[in-house]
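This one's a predicted model, so the numbers in the text were calculated from it and none came from an experiment. When a ligand or atom number is given, it counts from 1 through the structure's own listing order.
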Amino acid sequence: MSESILNVKNLQVEFKSGSIITRAVNGVSFALNKNENIGIVGESGSGKSVTATSILRLIPSSSAKITGGEIILNGRDLLKLSNREMRKVRGNEISMIFQDPSTSLNPVFTVGNQLIETIRAHKKLTKKEAKQRAIELLELVGIPAPEKRINMYPHEFSGGMRQRVMIAIALACDPKILIADEPTTALDVTVQAQILNLMKDLQEKLDMSIIMITHDLGVVWEMCDQILVMYAGRVVESAKVEDLYHNPLHPYTWGLLESQITESQDSHAPLASIPGSPPDLSYEIKGCPFVDRCPYAQDICHNEAPKLIEPTEGHAVACHFQTETEKLERRENAYINGDTIRS
Ligand SMILES: Nc1ncnc2c1ncn2[C@@H]1O[C@H](COP(=O)(O)OP(=O)(O)OP(=O)(O)O)[C@@H](O)[C@H]1O
Ligand code: SF4
Ligand SMILES: [Mg+2]
């Protein structure tokens with residue numbers, strides 16, 4: 001059986017603005033196994049980044065609060081650690097590549113400076129040793145002529161190269177867990193593929209586990225072992241990637257799958273999209289959060305929240321009609337919006 005190294009249990013995160021409380025993450029649970037990758041997918045605003053930043057306790061302390069749950073790493077609950085202990089966890093045990101790489105590198109310092117500073121903040125190395133390590137890291141992430149490049153500024157690198165530098169910084173202290181929040185969205189398709197291949201290689205070489213946040217299911221099929229589908233701050237489906245690929249269960253997942261453009265798709269075929277938009281998380285949601293957009297909704301869905309259950313081992317779903325005894329019949333093209341034709 002796989003050994004889990006990170007266990008997130010019933011995580012709850014709220015944002016407060018005046019009297020308005022937004023429940024951004026509402027009872028998220030998952031386990032990350034050693035040497036495995038987990039993909040988190042879901043529409044914009046579904047709580048992917050807040051879940052990730054909460055693991056590192058990097059949510060804005062002035063407006064956000066983790067109101068419940070546990071985050072267990074090597075037997076310790078990260079939510080109970082002091083700020084000092086938490087600083088040691090960041091970088092050393094868990095590292096993160098943030099959603100917007102352009103804000104993560106400081107334009108006034110050389111790439112080498114930023115790498116060396118990170119290395120020395122976590123490891124007792126001389127400047128010379130840290131510089132050597134920085135060169136090795138740049139080489140590891142495929143930056144050519146690292147001895148020269150180490151003295152260059154971020155603006156002298158291409159977008160893809162900057163992303164490689166971000167990965168090098170994240171790997172500076174050999175973390176066992178890397179959280180990558182949309183690591184390739186700002187890059188063109190060819191560079192995206194290079195960065196994803198690089199991450200895959202590094203994961204195998206460095207014995208890491210990756211939490212990969214993405215809008216792109218293709219990335220999950222390619223890179224991940226487990227998948228978590230989030231909607232309105234909740235997990236609506238989770239499974240091993242091959243189980244979900246062959247047998248997706250939640251109507252929201254079906255909508256996501258239909259909205260992906262596949263290579264084999266006829267370029268004039270209508271593009272599916274899930275109608276409507278996710279619910280406002282500052283209001284209490286009584287029934288199923290997907291009810292207003294779900295082509296399969298029935299009366300009970302408006303009044304009762306479906307629980308996350310496991311109709312088959314390791315495959316969880318939160319839908320009233322996907323239980324051990326009931327099974328929804330997936331309708332073909334349920335999300336096709338006839339007006340949307342791809343050009
Ligand atoms: N700084 C903030 N202040 C107030 N609310 C916030 C803040 N950041 C996030 N939220 C709330 O938390 C919810 C989840 O946001 P999150 O950034 O996790 O979404 P996401 O799934 O990462 O979306 P995206 O795909 O666009 O990155 C948002 O819908 C928003 O309501
Ligand atoms: S519980 Fe009802 S509304 Fe929610 S996904 Fe299932 S069928 Fe759709
Ligand atoms: Mg995000």
Within ligand 2, which atoms have a heavy atom of His250 less than 4.0 Å away? 5 (S)

Would you say Asp181 and Ser49 are linked by a side-chain donor-acceptor pair, where the criterion is simply a distance under 3.5 Å? yes

For atom 27 (O) of ligand 1, closest protein heavy-atom neighbour: Gln99 NE2, 2.8 Å

Say whether Ser46 and ligand 1 are in contact under the criterion: heavy-atom distance to a ligand atom below 4.0 Å. yes

Closest protein heavy atom (residue, atom, distance) for atom 29 (O) of ligand 1: Gly45 O, 3.2 Å

Have a look at ligand 1 and work out which part of Val50, if any, has a heavy atom under 4.0 Å from it: side chain, backbone, both or neither. both

Of the protein's non-hydrogen atoms, which lies at the shortest distance from atom 2 (Fe) of ligand 2, and what is that distance? Cys301 SG, 2.3 Å

Which ligand 2 atoms are under 4.0 Å away from a heavy-atom of Cys288? 1 (S), 3 (S), 4 (Fe), 5 (S)

Phe321 neighbourhood, listing ligand 2 atoms whose heavy-atom distance to it stays under 4.0 Å: 7 (S)

Using modelled atom types and a 3.5 Å cut-off, is there a donor and acceptor pairing between side-chain atoms of His320 and backbone atoms of Lys307? no

Where is the nearest protein heavy atom to atom 12 (O) of ligand 1: which residue, which atom, and how far? Ala24 CB, 3.1 Å

Does ligand 1 have a heavy atom under 4.0 Å from the side chain of His215, from its backbone, from both, or from neither? side chain

What are the atoms of ligand 1, with element, lying closer than 4.0 Å to any heavy atom of Thr22? 31 (O)

Should one rank Pro306, Ala305, Cys319 by closest heavy-atom distance to atom 6 (Fe) of ligand 2, which comes out on top? Cys319

I'd like to check which ligand 1 atoms, numbered from 1 as shown, lie under 4.0 Å from a non-hydrogen atom of Ser44. 23 (O), 24 (P), 25 (O), 26 (O)

Passes side chain to side chain donor-acceptor pair (under 3.5 Å), Thr323 versus Glu326? Steps please. CA-CA 5 Å; Thr323 63; Glu326 275 193 273; 4.8 Å; no

With sequence neighbours left out, the residues meeting ring-ring contact (aromatic ring centres under 6.0 Å, His included) with Tyr296 are Trp254

For Glu85 and Ser82, which I'm curious about, is there any donor-acceptor pair between the side chains at under 3.5 Å? yes

With heavy-atom distances below 4.0 Å as the criterion, list the atoms of ligand 2 near Tyr296. 7 (S)

Measuring to atom 8 (Fe) of ligand 2, does Cys294 have an N/O/S atom at a distance below 2.8 Å? yes

Just jot down the ligand 2 atoms closer than 4.0 angstrom to any heavy atom of Val291, in number order. 3 (S)

Would Leu138 end up clustered with Leu206 when hydrophobic side chains under 4.5 Å apart are linked, directly or stepwise? yes

Exam field: side chain Gln114 to backbone Asn106, donor-acceptor pair closer than 3.5 Å: yes

Does Pro183 offer a backbone N or O that forms a donor-acceptor pair with the side chain of Gln163 under 3.5 Å? yes

Return yes if a side-chain donor-acceptor contact under 3.5 Å exists between Tyr231 and Arg293, otherwise no. yes

Contacting atoms of ligand 1, where contact means under 4.0 angstrom from a heavy atom of Glu43: 21 (O)

Would Lys48 count as a polar contact of ligand 1, with the cut-off being nitrogen or oxygen pairs under 3.5 Å? yes

Can you tell me if, anywhere in Ser44, an N/O/S atom lies at a distance from the Mg ion (ligand 3) that is smaller than 2.8 Å? no

Note the single closest protein heavy atom to atom 1 (S) of ligand 2, along with its residue, its atom name and the distance in Å. His320 N, 3.4 Å

Do we see a donor-acceptor contact under 3.5 Å between the side chains of Gln12 and Thr67? no

Donor + acceptor pair across side chains of Thr214, Asp216 (<3.5 Å): no

Would you mind running through ligand 2 and noting each atom that sits below 4.0 Å from a heavy atom of Pro251? 5 (S)

Flag for Asn33-Asp225: side-chain donor and acceptor within less than 3.5 Å: no

If you round to the nearest 0.5 Å, how far is CG of Leu79 from CD of Glu70? 8.0 Å

Among all protein heavy atoms, pick out the one at the shortest distance from atom 8 (N) of ligand 1; state its residue, atom name and that distance to 0.1 Å. Phe15 CZ, 3.4 Å

In this structure, would Leu56 and Ile72 fall into the same cluster of hydrophobic residues linked by side-chain contacts under 4.5 Å? no

Within the 4.0 Å heavy-atom shell around Ser49, which atoms of ligand 1 are there? 17 (O), 18 (O), 20 (P), 22 (O), 27 (O)

Can you tell me if Gly47 has a non-hydrogen atom under 4.0 Å from ligand 1? yes

